[in-house]
Amino acid sequence: MKVKKSLKKYFIPHQENDHQPHILRSKAVNVIAAVIIFCELVFLFEIYGIFPKNFMALILPDVLIDETNVSRSTNNLNTLKTSLVLNTAAQLKADDMAAKGYFSHTSPEGLTPWHWFELAGYRFSYAGENLAVNFVDSKDVVDAWMNSPGHRANILSDYFTEIGIGVADGKYNGQEATFIVQMFGRPAAAVQTPPQPKTPQTTPVAVKPTPVPLESSDTFVAVKGAEVEPGTSVTPIATPIGDEQTEPRAASLEKIISQPKTTAVFIYVALGLVVLVALLLTIFIKIKIQYPRLIKNGVLLLILIGVILAINQFITLYHSQII
């Protein structure tokens with residue numbers, strides 16, 4: 001009863017509140033505006049690294065994996081398992097980009113993505129790689145990949161069963177940047193080769209594997225036998241594939257921290273809907289009794305929210321890239 005009375009007081013124009021819902025009065029409007037500004041300051045502090053990075057790490061691997069698996073589940077695909085070896089491969093690639101300041105599937109020395117798979121000791125039948133840089137929101141990264149046909153094809157590929165993520169801070173084009181590597185794979189042991197018909201014994205002939213050419217595409221998928229180019233010698237530094245696999249467990253707090261823009265958008269949209277509902281009720285319930293000041297307060301709040309949403313969209317994606 002008390003809640004109903006409060007809702008009526010704040011949202012419904014009637015005789016007891018002089019047909020002026022309290023939520024659109026100056027005092028309440030100032031409080032809502034203060035909340036919006038406070039949230040925006042927290043958002044800006046977070047994305048510009050004012051908080052310690054080890055506390056407010058914005059791009060979290062577990063969240064990226066969770067969001068990737070949500071996209072796969074939505075498309076009726078099996079979720080990908082986290083591979084510790086793929087995590088190692090992805091981290092090696094991310095560290096290399098961060099250390100050398102490049103953003104490409106191929107390193108300045110000409111090392112292809114398959115070098116990092118082999119270096120980590122990941123023997124694959126199929127493999128793929130997505131890259132991103134200069135994102136501040138984990139969900140934005142996966143959304144950007146999903147909006148790109150090539151990256152989307154990797155995320156939704158039936159060929160892949162495992163995933164690994166690497167994240168590293170460095171400099172790109174002279175500015176601080178976060179490099180993100182998403183690697184996909186299917187272990188070689190996961191593919192069964194159909195039995196071959198018996199043939200008379202002959203002298204074995206050595207056949208060199210034919211490498212898959214590195215195309216100018218923004219994504220890569222390789223087949224077994226093409227993971228190392230002829231003449232390349234690499235010593236694995238990780239344990240063999242299949243030792244450990246873990247499922248991502250991104251806690252709710254982690255998701256909020258790693259999705260500052262998404263969280264801010266949720267708050268602003270929620271407040272905007274509350275203001276919009278109050279404004280519509282104020283205008284139409286007692287259409288013959290109008291208070292321009294209340295209408296102006298509601299409209300100004302909606303404009304404030306709209307401007308902040310547009311600014312945040314711009315500053316979070318302006319320098320971001322995927323390949």
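The first residue of the sequence shown is numbered 1, and numbering continues consecutively from there.
Closest of all the heavy-atom pairs between P113 and E129 is CG-OE1, 3.5 Å. Nearest heavy atoms, F43 versus I315: CE2-CD1, 4.1 Å. Across all non-hydrogen atoms, the minimal contact from A28 to H22 is CB-O, 3.2 Å. When all heavy atoms of L131 and W145 are compared, the closest pair comes out as O-NE1, 3.1 Å. Looking at every heavy atom in both residues, A168 comes nearest to A94 through CB-O, 3.6 Å.
A side-chain contact (heavy atoms from CB on, under 4.5 Å) with F38 holds for exactly one of V35, V42, I36; it is V42.
Residues I37 and E40 fail the side-chain proximity criterion, which asks for heavy atoms closer than 4.5 Å. By the 4.5 Å heavy-atom criterion applied to side chains, N17 and Y10 are not counted as neighbours. Within the 4.5 Å cutoff, no side-chain heavy atoms of M146 are placed close to those of H151. The side-chain heavy atoms of V265 and N312, taken from C-beta on, include no pair separated by under 4.5 Å. Looking only at side-chain heavy atoms (C-beta outward), I23 and T282 stay at 4.5 Å or farther from each other. With contacts defined as side-chain heavy-atom distances shorter than 4.5 Å, the pair Q20/R293 qualifies.
One distance of note links CG of N130 with CZ of R152; it measures 12.5 Å at 0.5 Å rounding. Atom-to-atom distance recorded for N30:CG and N297:CG is 8.0 Å, nearest 0.5 angstrom. The CG atom of D66 lies 10.0 Å from the OG atom of S138; values are rounded to the nearest 0.5 Å. Distance CD1/I163 to CD1/I65: 5.0 Å, rounded to 0.5 Å. Separating the NE2 atom in H105 from the CH2 atom in W116 is a distance of 14.0 Å, to the nearest 0.5 Å.
Ring planes of Y122 and F124: parallel class, angle under 30° (limits at 30 and 60°). Aromatic ring orientation, F103 versus F179: tilted (interplanar angle from 30° to 60°). The aromatic rings of F160 and F184 sit parallel, their planes meeting at an angle under 30°, below the 60° perpendicular limit.
No side-chain N or O of Q91 forms a donor-acceptor pair with one of N87 less than 3.5 Å apart.
When the shell of 6.0 Å around CG of N75 is examined, it contains more than 12 heavy atoms from other residues, nucleotides or ligands.
Of the charged side-chain nitrogens involved, at least one lies within less than 4.0 Å of a carboxylate oxygen, so that K100 and E109 count as a salt-bridged pair.
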